[in-house]
Structure formats: structure tokens, C-alpha cells
Amino acid sequence: MSTTLEPEHAQETAEEAAVHILWMNGGLSCDGDSVALTAATQPSIEEIVLGALPGLPKIAVHWPLIDFECGPETGADNFIEWWHKADRGELEPFVLVVEGSIPNEAIKSEGYWAGFGNNPATGQPMRTSEWLDRLASKATAVVAVGTCATYGGIHAMAGNPTGAMGVPDYLGWGWKSKAGLPIVCVPGCPIHPDNLSETLVYLLYQVAGQAPMIPLDAELRPQWLFGSTVHEGCDRAGYYEQGDFAKEYGSAKCLVKLGCWGPVVNCNVPKRGWINGVGGCPNVGGICIACTMPGFPDKFMPFMDEPTGARVSTTASTAYGTVVRRLRKYTIRQKNKEPKWRHKGSQLSTGYTKVW
Ligand code: SF4
Ligand code: SF4
């Protein structure tokens with residue numbers, strides 16, 4: 001990886017790589033997904049790049065966040081040249097990673113919303129959407145990372161001026177790469193570090209012919225990562241089941257009445273923890289605001305109000321839970337006592353029957 005080596009060695013290594021990863025963060029975003037990847041531990045970006053995983057092809061990551069080729073050593077021209085190589089068909093194979101939503105450049109007569117590098121022919125900025133037009137058909141796989149790139153996210157809220165959208169909205173939900181792969185969407189605002197690194201590893205194994213077609217759900221998310229709800233993996237789910245709800249932050253109880261959308265959100269974060277297995281939104285007291293969902297954020301606002309769709313189920317849970325809690329308290333009291341035959345004295349009261 002060029003980002004962890006001296007620049008001249010980075011160039012040699014990148015030239016020899018079997019698979020290139022072109023990371024385009026020229027969409028509308030905060031770069032939070034790039035930052036998130038630096039926190040990955042299962043596996044870490046260092047393990048991926050340095051070949052610590054058996055069978056992984058040699059790779060070169062062209063990643064603006066920390067790439068030497070972006071800096072003063074070799075200059076931004078060297079960095080953007082990898083994109084031009086890919087465009088000329090000189091980079092094969094490569095995986096195109098897109099971070100940030102794609103603004104609709106067709107809705108105005110001048111200027112541009114988002115760009116990345118310059119077009120050598122005109123000296124003018126290349127629009128992010130133009131890069132997608134040029135590179136998507138040449139990429140072995142296209143990965144949309146973070147909720148902006150997958151579904152539009154915050155920039156695509158009602159009332160936005162850019163007409164922003166996710167990669168599937170731009171390329172088409174049925175789009176397939178030349179290798180037959182659908183767009184792979186790994187949402188999250190920001191993305192979960194290990195969900196991203198794990199998906200990249202899966203795709204690299206697939207490119208190397210060592211893994212079957214990546215299983216995706218209808219929203220193009222990896223099934224094994226997004227197949228369960230937040231609620232199903234939440235540390236607080238026992239409180240929900242007993243109808244025991246927090247009324248203020250700082251409580252250890254279920255957060256649904258404070259605005260948690262966990263029961264209807266596909267996300268593995270509470271199960272997985274945030275960094276190195278630690279943390280994970282509701283586990284550590286934060287309501288789930290549904291950041292992995294295509295309807296985010298509009299369909300889940302206003303945040304911090306009790307979700308309207310949860311009222312029936314929480315009312316039912318409160319009624320059922322009040323009875324269950326009382327019964328469980330009684331049972332807990334019984335089970336917290338030792339059996340009565342454990343005592344001093346000359347009498348054995350264990351129920352033993354003498355047989356000799
Ligand atoms: S805090 Fe949220 S995810 Fe956790 S149990 Fe309550 S509603 Fe479910
Ligand atoms: S638990 Fe909710 S808020 Fe947290 S990352 Fe998952 S979807 Fe987003």
C-alpha cells in the first residue's frame with residue numbers, strides 16, 4: 001500500500017499490485033467513512049494491505065485520506081494519475097470504492113457540486129458523477145461505503161438543493177459490474193469500521209476466485225452483516241421484553257421511549273461493538289437513529305421522540321412486561337435462596353435414603 005511506505009517504494013509496490021483499490025471520496029460527505037476505516041480491527045487495514053490474511057491478493061490502495069501520493073512528496077498529480085490510468089484501461093483489475101453521495105449535476109446550467117482532480121484535456125475539474133460514468137463500467141466491483149454513497153444520506157434530505165443520491169440511484173439498482181457483481185452497499189453514518197474492512201476482504205477474495213458471489217439483501221447490503229435488527233443484538237433487549245423503559249438518559253433500561261428505532265433497523269453494531277468489540281450505540285446509552293437504512297434520515301425524524309411505529313408494541317410490552325416482571329421478581333427471590341437442607345446440626349434433611 002502506498003500509504004504505509006516511502007513514496008518511491010510505494011510507487012513500485014503499487015505498480016506490482018494484483019488488485020488496485022481506487023477510493024473516491026469526491027462525493028458529498030464528511031469523510032467519516034475513511035476515518036472509520038482507520039479504526040478497523042477485524043481485520044485492520046494494515047492486515048489487509050500487508051498481506052497478513054492468507055490467500056489475499058496483493059493490493060494497492062489509492063486512498064486520498066492518508067496517501068503519500070496526495071501530499072507534498074510526490075504531489076496530487078501522481079495520485080490522480082491512477083484514476084486516469086483506470087480510465088484509459090491500464091489498471092486491471094480494480095475495485096472502485098465510492099464515499100459520499102452523488103449530486104445531480106444535470107439540474108443547473110453552470111458550475112458543479114462535487115469534483116475530484118482535473119481533466120488533463122481541459123484543465124477543468126472532473127465532476128464526481130463524470131468519474132462514475134467513466135470508471136464504473138471498467139471496475140471489477142463498485143462498493144458504496146457509508147449511507148451517503150449507498151442511499152444519499154443527510155445530503156439527500158427533503159429540501160436539499162443538490163439533488164444528491166446514492167450510487168445505486170445513480171447507476172441503477174440493477175446495475176452489474178463487468179464481472180457480474182451488483183453494487184455492494186455498506187451503509188452507516190459513519191460506516192462500522194469492521195463492516196467495511198470485512199466487506200473489502202470478502203470482495204478481494206472473490207476477485208481472487210476464492211469466494212462465491214457476495215450475498216446481498218434487497219438493499220444491496222451484505223446479508224451476513226445486515227440480516228438482523230439492532231434490537232435483536234442489543235444489550236438492553238431484556239428490558240424491552242419486560243416493558244421496562246428508560247425515562248431519562250443515563251438509565252440502563254431500554255431506550256425506545258427516548259427515540260430508539262432499534263426494533264426495525266437492520267444493523268449489527270450492538271452485537272459487534274464499535275471499535276474492537278467495545279461500544280455500539282444503544283449498548284452504551286445512545287438511541288439508534290437508523291443510520292444504515294435507505295429512509296435515513298427523513299423517515300426517522302424527529303430524532304429523540306418516541307418512534308410513532310413503536311407505540312403499539314411498547315404499549316403491549318408494557319402491559320405484558322408489568323405482569324412478567326412481577327412474576328420474575330418472585331421467582332428471582334426464590335432462586336436467590338439456597339436449598340433448605342444445607343444446614344448445621346445432627347439431622348440430614350437432603351432426602352437421602354440409607355441403603356445399607
Ligand atoms: S434500546 Fe433500542 S435496540 Fe435496545 S432494546 Fe431498547 S428499543 Fe431495542
Ligand atoms: S445502531 Fe443504529 S444509529 Fe447505531 S450504527 Fe446501527 S443503525 Fe446507526
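What you see is a predicted model, and the numbers here were worked out from it, not measured in a lab. Whatever order the structure lists ligands and atoms in, that order sets their numbers, starting from 1.
Geometrically, K257 engages F245 in a cation-pi contact, judged by NZ or CZ lying under 6.0 Å from the ring centre and within 45° of the ring axis.
Of the candidates V256, T229, L255, L255 brings a heavy atom nearest to atom 1 (S) of ligand 1. For the residues G285, G262, C260, G259, the heavy atom positioned nearest atom 2 (Fe) of ligand 1 is part of C260.
Taking 2.8 Å as the criterion, C267 counts as a coordinating residue of atom 6 (Fe) of ligand 2, since one of its N, O or S atoms falls below it. Taking backbone and side chain together, H231 holds no N, O or S atom under 2.8 Å from atom 2 (Fe) of ligand 1.
Between I59 and I48, the closest side-chain pair of non-hydrogen atoms falls below 4.5 Å.
A salt bridge links E241 with R328; the closest basic N to acidic carboxylate O contact falls under 4.0 Å. Between E81 and K85, no side-chain nitrogen of the basic residue sits less than 4.0 Å from a carboxylate oxygen of the acidic one, so the salt-bridge criterion is not met.
If you check which protein heavy atom lies closest to atom 7 (S) of ligand 2, you get C291 N, 3.5 Å. The single protein non-hydrogen atom nearest to atom 4 (Fe) of ligand 2 is C281 SG, 2.3 Å, given as residue, atom name and distance. With hydrogens left out, the protein atom closest to atom 3 (S) of ligand 2 is I289 N, 3.4 Å, a heavy atom.
The ligand atoms of ligand 1 that sit less than 4.0 angstrom from a heavy atom of A237 are 5 (S). With ligand atoms numbered from 1 in the order given, ligand 2 contributes 7 (S) to contacts under 4.0 Å with heavy atoms of T292. Ligand-side atoms of ligand 2 in range of V265: 7 (S), range being under 4.0 angstrom from any heavy atom. Annotation for ligand 1: atoms under 4.0 Å from non-hydrogen atoms of C254 are 5 (S), 6 (Fe), 7 (S). Close approach to P263 involves these atoms of ligand 1, each under 4.0 Å from a residue heavy atom: 7 (S).
Ring pair H62/W83 is perpendicular by interplanar angle, where above 60° counts as perpendicular and below 30° as parallel. Ring orientation note: the planes of Y240 and H231 are nearly perpendicular, at an angle over 60° on the 30°/60° scale.
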Stepwise ring-ring contact (aromatic ring centres under 6.0 Å, His included) test for F79 and W63: CA-CA 9 Å; F79 178 72; W63 185 19; over 10 Å; no
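Under a 4.0 Å heavy-atom criterion, C288 is not in contact with ligand 1.
Aromatic ring centres of W224 and Y202: separated by under 6.0 Å.
In this structure, Q210 contributes its side chain and Y205 its backbone to no donor-acceptor pair below 3.5 Å.
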